[in-house]
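Order of the sequence lines fixes the chain letters, A, B, ..., with proteins taken first and strands second; residue numbering starts at 1 for each chain.
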Number of protein chains: 2
Amino acid sequence: MLTIGKLGAEAGVKVPTVRYYEQIGLLPKAERSAGNQRLYGRKALERLAFIRHARDLGFTLEAIRDLLSLSDRPDQSCAAADAIAKAQLAEVESRLARLMSLKAELERMVVQCAGGRIADCRVIEVLGDHSLCATDHRHPEGEHIA
Amino acid sequence: MLTIGKLGAEAGVKVPTVRYYEQIGLLPKAERSAGNQRLYGRKALERLAFIRHARDLGFTLEAIRDLLSLSDRPDQSCAAADAIAKAQLAEVESRLARLMSLKAELERMVVQCAGGRIADCRVIEVLGDHSLCATDHRHPEGEHIA
DNA sequence: CCTAATGTCTCTAGCAACTATATGTTCAAG
DNA sequence: CTTGAACATATAGTTGCTAGAGACATTAGG
Ligand SMILES: [Zn+2]
Ligand SMILES: [Zn+2]
Ligand SMILES: [Zn+2]
Ligand SMILES: [Zn+2]
């Protein structure tokens, strides 16, 4: 049995994060030692590693919650799981497109600045006027910015 | 003079967001009408449009605060503004690199799944085991995930 | 065996950047 | 003059954690 610290170290997750996952019901309530400390077995480690990996791939905790409950029903069709992964792929692709556009605009700004006074700074000028941009990089409503 | 609603519409910013920007000191406290409603002039509109555009380019509010205070000093060197833009470009490039890696892994997962039962689902399998991944896409510590 | 250093416990609050809700006031149209 | 939209304030919620306070548990050294 692992203490929370060992568990976190094995899975690459910080201790408060493990407790947080338990709090929001992503991990089941852990067994406790005589002294009230959490104890984990191999199954909990696998579950936490799954969560960590899915987070690393950008899935939200909500999506991970669904994926975990699917993975608890091995005999069902995996269509729902695949749909979640495809949605995540689409999300990543859309962020990618936007970030490429941002990169282009930022590069233009930085390159065009001759490095003089603020009054002549291309960075400041472009930030004040989107019509100076080459692409329409604007934030589609409802999309997360990061 | 514009009311907050008109101002927001002109700049493409929601009304509560305008009030939020005022609250955190990004916009100066607005003049008020006899009936205590906010009134804005052209300068405020320009400032809000600047903020909106910078947000659209992914700058944080902290960076925008700095850029705004720089733009209030037109005679100073623009080196600091350029540095902020370069840092933002670097940030975008690093996110881009990570997202490309995520996209590759997600595509692999989705393509490899034959679409049967959960027990055989490649999506679930890969999520449980990073060693099945082709690249090291893992989250560098301290970086934002989105 | 005692002590000191970690590690763990709970609880609360904070971060970014808003968004939503509730309740009340002002304004413009008809 | 009444109605309804737009405005006002204040508070709480969102996501995914992270940081702190103050108390208890465990472990390693002397
Ligand atoms: Zn410049
Ligand atoms: Zn632009
Ligand atoms: Zn599948
Ligand atoms: Zn992986």
Side-chain angles (χ1 to χ4, degrees), chain A residues 1-27 29-40 44 48 51-68 88 91 95 139-146, chain B residues 1-27 29-40 44 48 51-68 88 91 95 139-146:
Chain A
M1 296 296 252
L2 299 165
T3 62
I4 196 171
K6 309 285 185 189
L7 179 83
E10 295 267 334
V13 175
K14 288 176 192 157
V15 166
T17 305
V18 176
R19 289 195 278 248
Y20 170 70
Y21 288 162
E22 178 181 310
Q23 192 197 310
I24 64 170
L26 209 53
L27 290 174
K29 292 200 174 179
E31 286 179 59
R32 298 300 180 113
S33 74
N36 196 38
Q37 302 198 347
R38 290 173 180 82
L39 291 178
Y40 299 91
L48 183 56
I51 295 169
R52 170 75 214 268
H53 195 207
R55 287 297 293 130
D56 280 340
L57 286 162
F59 289 89
T60 65
L61 293 184
E62 237 348 88
I64 293 170
R65 195 187 293 275
D66 293 344
L67 288 165
L68 281 168
Q88 175 61 15
E91 172 74 28
R95 281 189 195 166
H139 191 65
E141 55 180 318
E143 188 197 320
H144 279 288
I145 200 160
Chain B
M1 295 298 253
L2 298 165
T3 62
I4 196 170
K6 310 284 185 187
L7 179 82
E10 295 266 335
V13 175
K14 289 178 191 153
V15 167
T17 305
V18 177
R19 289 197 278 247
Y20 169 70
Y21 288 160
E22 178 181 309
Q23 191 196 313
I24 64 169
L26 209 54
L27 290 175
K29 293 199 175 179
E31 286 180 59
R32 298 299 181 113
S33 73
N36 196 38
Q37 302 198 347
R38 289 173 181 83
L39 291 177
Y40 300 91
L48 183 56
I51 295 170
R52 170 76 214 270
H53 196 207
R55 287 296 295 131
D56 280 340
L57 286 163
F59 289 88
T60 65
L61 293 184
E62 240 343 271
I64 293 170
R65 196 188 293 275
D66 293 345
L67 288 166
L68 282 168
Q88 175 61 14
E91 173 74 30
R95 282 188 195 166
H139 191 66
E141 55 179 318
E143 189 196 322
H144 280 286
I145 201 159

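Interatomic distance, CG of A:Leu39 versus NZ of A:Lys6, reported as 12.5 Å (0.5 Å rounding).
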*Pair A:Tyr20-A:Leu26, side chain to side chain contact (heavy atoms under 4.5 Å, CB included): steps then yes or no*: CA-CA 9 Å; A:Tyr20 170 70; A:Leu26 209 53; over 6 Å; no
*Could you walk me through whether A:Val18 and A:Tyr40 pass the side chain to side chain contact (heavy atoms under 4.5 Å, CB included) test, one step at a time?*
CA-CA 11 Å; A:Val18 176; A:Tyr40 299 91; 3.6 Å; yes
*asked:* Pair A:Ile51, A:Val13 - check side chain to side chain contact (heavy atoms under 4.5 Å, CB included), show working.
replied: CA-CA 10 Å; A:Ile51 295 169; A:Val13 175; over 6 Å; no
Name the pairs: protein N/O against N/O of nucleotides 18-21 of chain D, kept only if under 3.5 Å.
unit_1, atom_1, unit_2, atom_2, d
D:dT18, OP1, A:Lys14, NZ, 3.4
D:dT18, OP2, A:Thr17, OG1, 2.9

Every protein N/O lying under 3.5 Å from an N/O of nucleotides 27-29 of chain D:
none

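In this model, the phosphate group of D:dC17 is approached by a side-chain N or O of A:Arg55 to a distance below 4.0 Å at OP1 or OP2. Not one side-chain nitrogen or oxygen of A:Thr60 sits closer than 4.0 Å to the OP1 or OP2 atom of D:dT15.
Between the side chain of A:Gln37 and the main chain of A:Thr3, no donor-acceptor pair closer than 3.5 Å is present. The backbone N or O of A:Leu2 lies less than 3.5 Å from no partner atom in the side chain of A:Glu10, so there is not a single donor-acceptor pair.
DNA chain C is contacted by both A:Tyr40 and B:Glu62; A:Tyr40 maps to the nucleotide lying nearer its 5′ end (nearest heavy atom per residue).
Atoms CD1 (B:Ile4) and C1' (C:dT25) sit 15 Å apart, rounded to a whole Å. For the pair B:Gln23 CD and C:dA16 C1', the interatomic distance rounds to 13 Å; values are reported in whole Å. Look at CE on A:Met1: it is 19 Å from P on D:dA25, rounded to the nearest Å. Across the protein-nucleic acid pair, A:Arg52 atom CZ and D:dG16 atom C1' stand 13 Å apart, rounded to whole Å. Regarding B:Ile24, its CD1 atom lies at a distance of 16 Å from the C1' atom of C:dG14, rounded to whole Å. Taking atom CD on A:Glu22 and atom P on D:dG16, their separation rounds to 18 Å, with Å as the unit. Taking atom CG on B:Leu2 and atom C1' on D:dC7, their separation rounds to 15 Å, with Å as the unit.
At its two ends the helix from C:dC1-D:dG30 to C:dG30-D:dC1 runs along axes set 0° apart, each axis drawn from five pairs and the angle rounded to 10°.
Residues B:Glu31 and B:Arg38 have side chains not in contact (no heavy-atom distance under 4.5 Å, counting atoms from C-beta outward).
The pair A:Glu91-A:Arg95 counts as a salt bridge, with a side-chain nitrogen and a carboxylate oxygen less than 4.0 angstrom apart.
A heavy-atom distance below 4.0 Å to DNA chain D is reached by these residues of residues 31-39 of chain B, ordered by number: B:Arg32, B:Asn36, B:Gln37, B:Arg38.
In this view, A:Arg52 and A:Asp56 satisfy the side-chain hydrogen bond (donor to acceptor under 3.5 Å, both in side chains) rule, not counting sequence neighbours.
The stretch residues 57-66 of chain A participates, sequence neighbours left out, in these side-chain hydrogen bond (donor to acceptor under 3.5 Å, both in side chains) pairs: A:Glu62-A:Arg65.
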